Amino acid sequence: MKKVIRQLISNALDKARKSGELELSAVPEILVEKPKDEKFGDFSTSLSMMLAKSERKKPRDIADILCRHLKNGESQIASVDIAGPGFINLKMAPAFFLSRLVKVAELGDQFGSSDAGGGKKVLLEFVSANPTGPLHVGHGRGAAVGDMLGRLLKLAGYNVSTEYYINDVGNQMNTLGRSTWARYREILGIAEEFSPDYYQGEYIRDIAREIIDQRGKEFLDKSEEEVLPFFRQYSLDSILNGIKDDLSEFGVEFDQWFNEKSLYDDQLVDKAVNWLREKKHVYDKEGAVWLNSSAFDDEKDRVLIKQTGEKTYFCSDIAYHKNKIDRGFEWIVDLWGADHHGYVPRMNSVLQAMGYDKDVFKVMLVQFVALTRGGEKVSMSTRSGEFETLSDVVKEVGVDATRFFFLMRSSDSHLDFDLELAKKESPENPVFYIQYAHARICSIFRKATEEGLSLPAISHIDLSRLKDEEEFTLIKKILAFTEIVGKSAELLEVHRIAFYLHDLVAAFHGYYSRHRVVSDDVALSLARLFLMDCLRTTIHNGLSVMGVSAPEQM
RNA sequence: GCGCCUGUAGCUCAGUUGGAUAGAGCAACGGACUUCUAAUCCGUAGGUCGCAGGUUCGAAUCCUGCCAGGCGCGCCA
């Protein structure tokens with residue numbers, strides 16, 4: 001919508017240039033904004049202030065000239081005012097908004113989409129929780145935010161691919177296998193001390209029981225070396241399948257699952273290290289191999305290959321991110337839990353060492369979730385195994401409320417998640433407020449059908465019957481959706497959509513209580529039904545990008 | 001000690017990247033159902049934007065220093 005306004009202003013500039021009133025040797029970017037207060041108009045621009053210097057004219061004089069050309073022969077503009085030092089405030093004609101509203105209905109499910117992203121190839125990596133235990137609520141927030149970001153970026157015209165990185169290499173896999181092996185023996189009657197280094201959760205026992213069900217006691221007499229590969233692999237598969245099930249249940253699907261192991265199988269880790277060595281960013285010291293990350297963002301250099309010859313997690317991460325670039329992605333976005341923020345500078349350093357532009361790589365941190373139940377903190381500790389799993393929360397609260405709660409706050413703000421509140425089907429719970437609006441509109445359409453009214457082709461609807469100020473408030477809010485989506489995608493800020501929807505829906509509820517849509521006046525009813533249809537589409541698409549359902553009845 | 005995030009109404013949070021009188025929801029109080037869903041609406045009250053300086057026509061927003069909370073500072077993953 002702002003694009004159209006920019007075009008109008010640009011036309012006015014052309015006219016002013018042709019008439020010789022303005023020189024316009026260099027025209028700055030035309031910034032169009034929405035005034036905070038509606039009484040200033042629908043759009044405003046500070047262009048005349050920006051031009052004042054190069055034109056050597058007073059801002060107000062420039063504004064005068066532009067005003068004249070804006071008004072001249074332009075029926076879409078209702079009025080143009082100059083305010084303050086030289087702000088140009090535009091008020092648009094009703095027809096301007098109505099003609100755009102028609103497009104909302106035409107676009108349907110696609111309303112909100114744009115080419116803001118210009119088809120940029122984005123790799124969005126999120127969750128990537130270690131496959132050593134089930135997902136907890138913290139992962140859940142990352143999953144919800146990442147999944148929504150994926151949808152948002154797609155809608156805003158980015159070519160996005162989502163990926164889960166599986167850390168299936170290293171000591172933790174051995175520890176996992178040993179944990180299951182120990183539980184296996186324990187269940188079969190061999191009492192030994194269960195090491196505090198092992199994974200303590202009850203799910204390890206579940207896996208051990210599965211193995212007993214399927215294979216019986218066949219491993220019991222063998223040595224740990226013999227059985228470990230099996231226990232390691234079985235536990236990994238079992239946990240990973242659980243994670244996949246949990247995510248699927250939560251409405252989160254990935255385009256790719258990427259195994260860390262494949263980096264080693266394909267020699268990519270060695271290649272990446274050698275490549276950086278050739279670039280003089282890798283050196284040997286004290287029997288280890290180091291990256292000179294301190295030459296970039298990092299506070300010190302980091303070890304890639306330990307004295308023991310083992311590679312660090314960081315080392316394969318380098319290969320992984322090089323691989324992302326080699327796959328042709330132009331923007332690499334990682335979503336990490338806030339507890340990993342100390343890792344950001346060294347990863348930034350890696351991409352700089354590789355010689356890539358700073359803004360191809362972006363780490364987005366998702367802050368912690370504090371789970372409460374009726375005001376009381378629910379403890380979370382992976383060690384003790386007493387953590388609240390994502391699956392438990394989803395079972396208790398439902399997918400819609402869980403996702404909405406994860407998505408309604410800025411990601412870099414700590415989240416208080418009250419299970420009791422999320423469960424409530426009452427107005428205190430914001431997700432119901434929005435879903436209810438959708439159901440309410442559907443109910444209006446059911447009523448209309450009862451009265452024998454259904455929406456005809458747009459040519460049979462007289463939209464000029466929409467005259468009420470509240471109706472135009474609604475229309476303007478609907479039309480803002482596409483820009484909100486684009487902005488949220490660009491800034492990677494998912495919470496804007498939840499706030500937008502709440503605001504949109506509040507306007508609807510107010511309208512609903514003061515106006516009847518279906519009345520004896522058939523022409524007016526049809527015009528209002530059309531507006532309601534566009535509103536329903538907007539709410540539906542907004543909830544859809546959040547991965548939250550839009551019920552037709554509640 | 002160093003680094004990152006946060007600090008805005010009693011509570012939970014927005015605040016369009018420096019703009020016009022700082023906004024929502026919940027909680028509190030008072031109203032509104034003979035009507036398309038009252039899971040709603042309308043109104044009242046609630047503020048030293050953590051504190052102190054600075055930058056300028058203008059600061060919740062930018063800079064500096066403190067204070068408080070969270071998280072992190074491995075040849076772990």
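The chains referred to below are lettered A, B, ... by the order of the sequence lines, with proteins before strands, and numbering in each begins at 1. Everything quoted here is computed from the prediction, not taken from an experiment.
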*From A/K322 atom NZ to A/I318 atom CD1, the distance as rounded to the nearest 0.5 Å*: 11.5 Å
_Just N and O in the side chain of A/K311: are any of them under 4.0 Å from OP1 or OP2 of B/C76?_
no
*What integer distance in Å separates A/N429:CG from B/U12:P?*
17 Å
*What is the base-pairing partner of B/C57, counting Watson-Crick and G-U wobble geometry with both distances under 3.5 Å?*
B/G19
*Rounded interatomic separation in angstrom, taking NZ from A/K423 and P from B/C26*: 21 Å
*To the nearest 0.5 Å, what is the distance between CG (A/L365) and CG (A/D412)?*
8.0 Å
*Tell me whether B/C33 sits syn or anti, counting syn as a glycosidic angle within 90° of 0.*
syn
*In terms of ring plane angle, is the pair A/Y343 and A/F314 parallel, tilted or perpendicular, where the classes change at 30° and 60°?*
perpendicular
*Any side-chain N or O of A/H495 less than 4.0 Å from the OP1 or OP2 oxygen of B/G15?*
yes
*Would you kindly give the CG-to-P distance between A/D418 and B/U12, to the nearest whole Å?*
11 Å
*Remember a base hit wins even if backbone is also touched, and classify A/F499 as base, sugar-phosphate or nothing at under 4.0 Å, heavy atoms.*
sugar-phosphate
*Would you indicate, yes or no, if B/C41 has its OP1 or OP2 atom less than 4.0 angstrom from a side-chain nitrogen or oxygen of A/Y433?*
yes
_Donor-acceptor side-chain pairing of A/D400 and A/Q435 below 3.5 angstrom_ = yes
*Verify the contact: side-chain N or O of A/K447 to OP1 or OP2 of B/U35, cut-off strictly under 4.0 Å; return yes or no.*
no
*If you check every side-chain atom of A/L491, which of B/U17, B/A39, B/G70 has the closest atom?*
B/U17
*Quick one: on RNA chain B, does A/A288 or A/S44 contact a more 5' nucleotide (nearest heavy atom)?*
A/S44
*Can you check the A/W336 CH2 to B/C4 C1' distance for me, whole Å?*
13 Å
*With a non-hydrogen cut-off below 4.0 angstrom, is A/V169 in contact with a base, only sugar-phosphate, or nothing?*
sugar-phosphate
*Looking across every strand, which nucleic acid part, if any, lies under 4.0 Å from A/Q435 by heavy atom: base, sugar-phosphate, or nothing?*
nothing
*Searching all strands shown, indicate the nucleotide that pairs with B/G30 (Watson-Crick or G-U wobble; both distances under 3.5 Å).*
B/C42
*A/H515 and A/Y511 aromatic ring geometry - parallel, tilted or perpendicular at 30°/60° bounds*: parallel
*asked:* Can you see if the side chain of A/R514 gets near the phosphate of B/C42 - specifically, an N or O under 4.0 Å from OP1 or OP2?
replied: yes
_In whole Å, I'd like the distance from the CD1 atom of A/I434 to the P atom of B/G25._
12 Å
*Point-to-point distance, once rounded to the nearest 0.5 Å, from CG of A/N348 to CG of A/D298*: 9.5 Å
*asked:* Nearest to the side chain of A/K306, heavy atoms from C-beta on, is which of B/C36, B/C76, B/C73?
replied: B/C76
*Looking at every strand, decide which applies to A/I305 at a 4.0 Å heavy-atom threshold: base, sugar-phosphate, or nothing.*
nothing
*A/D317 CG - B/C76 C1' separation (whole Å)*: 13 Å
*Which one, B/C13, B/C75, B/A77, comes nearest to the side chain of A/E286?*
B/C75
*Would you mind telling me which of B/A77, B/C13, B/C75 lies closest to the side-chain atoms of A/H340?*
B/A77
*Is there a Watson-Crick or G-U wobble partner for B/C71 with both distances under 3.5 Å, and which nucleotide is it?*
B/G3
*Rounded C1' spacing from B/C75 to B/C4 in Å*: 24 Å
*Go ahead and name the base partner of B/U64; Watson-Crick or wobble counts if both distances stay under 3.5 Å, otherwise write none.*
B/A52
_Distance below 4.0 Å between A/R440 side-chain N/O and B/A38 OP1 or OP2_ = yes
*Based on the glycosidic angle (syn within 90° of 0, else anti), state the conformation of B/U55.*
anti
_P atoms of B/C29 and B/C13, separation to the nearest Å_ = 24 Å
*Determine the contact category for A/A506: base if any of its heavy atoms lies under 4.0 Å from a base atom, sugar-phosphate if only primed atoms, P, OP1 or OP2 are that close, otherwise nothing.*
nothing
*Taking the same atom, C1', in B/C66 and in B/A28, what whole-Å distance lies between them?*
36 Å
*Euclidean distance for P, B/A22 against B/C33 (whole angstrom)*: 35 Å
*P gap between B/G65 and B/G23, integer Å*: 32 Å
_Taking the nucleotide of RNA chain B with the nearest heavy atom to each, does A/Y511 or A/Q367 sit closer to the 5' end?_
A/Q367
*Where the side chain of A/H341 is defined as all heavy atoms beyond and including C-beta, which of B/A77, B/C71, B/G74 is the nearest nucleotide?*
B/C71
*Taking atom P in both B/A38 and B/G19, compute the distance separating them and give it to the nearest angstrom.*
40 Å
*Can you tell me if NZ on A/K244 sees more than 12 non-hydrogen neighbours from other groups inside 6.0 Å?*
yes
*Could you work out which one of B/A77, B/C5, B/C36 sits closest to the side chain of A/Y512?*
B/C36
*Of all the choices, B/A77, B/G25, B/U35, which nucleotide is nearest to the side chain of A/R516 once you look at every atom?*
B/U35
_Check A/R277 with A/D284, please: is the shortest side-chain N to carboxylate O separation under 4.0 Å?_
yes
*Go through B/C76, B/C41, B/C36 for me and flag the one nearest to the A/S513 side chain.*
B/C41
*asked:* Considering every strand and a 4.0 Å limit on heavy-atom distances, what is the contact class for A/S519: base, sugar-phosphate, or nothing?
replied: nothing
_Paired nucleotide for B/C76 [Watson-Crick or G-U wobble; both distances under 3.5 Å]_ = none
*When the C1' atoms of B/C62 and B/A24 are considered, how many whole Å apart are they?*
26 Å
*asked:* Nearest whole Å is fine: how far is B/C5 P from A/Y343 OH?
replied: 20 Å
*asked:* For the C1' atoms, the ones on B/G30 and on B/A52, what distance do you get once it is rounded to whole angstrom?
replied: 42 Å
*Roughly how many Å is it from CZ in A/F508 to P in B/A24, rounded to a whole number?*
20 Å
*Do NZ/NE/NH1/NH2 and the carboxylate oxygens of A/K324 and A/E163 come within less than 4.0 Å?*
no
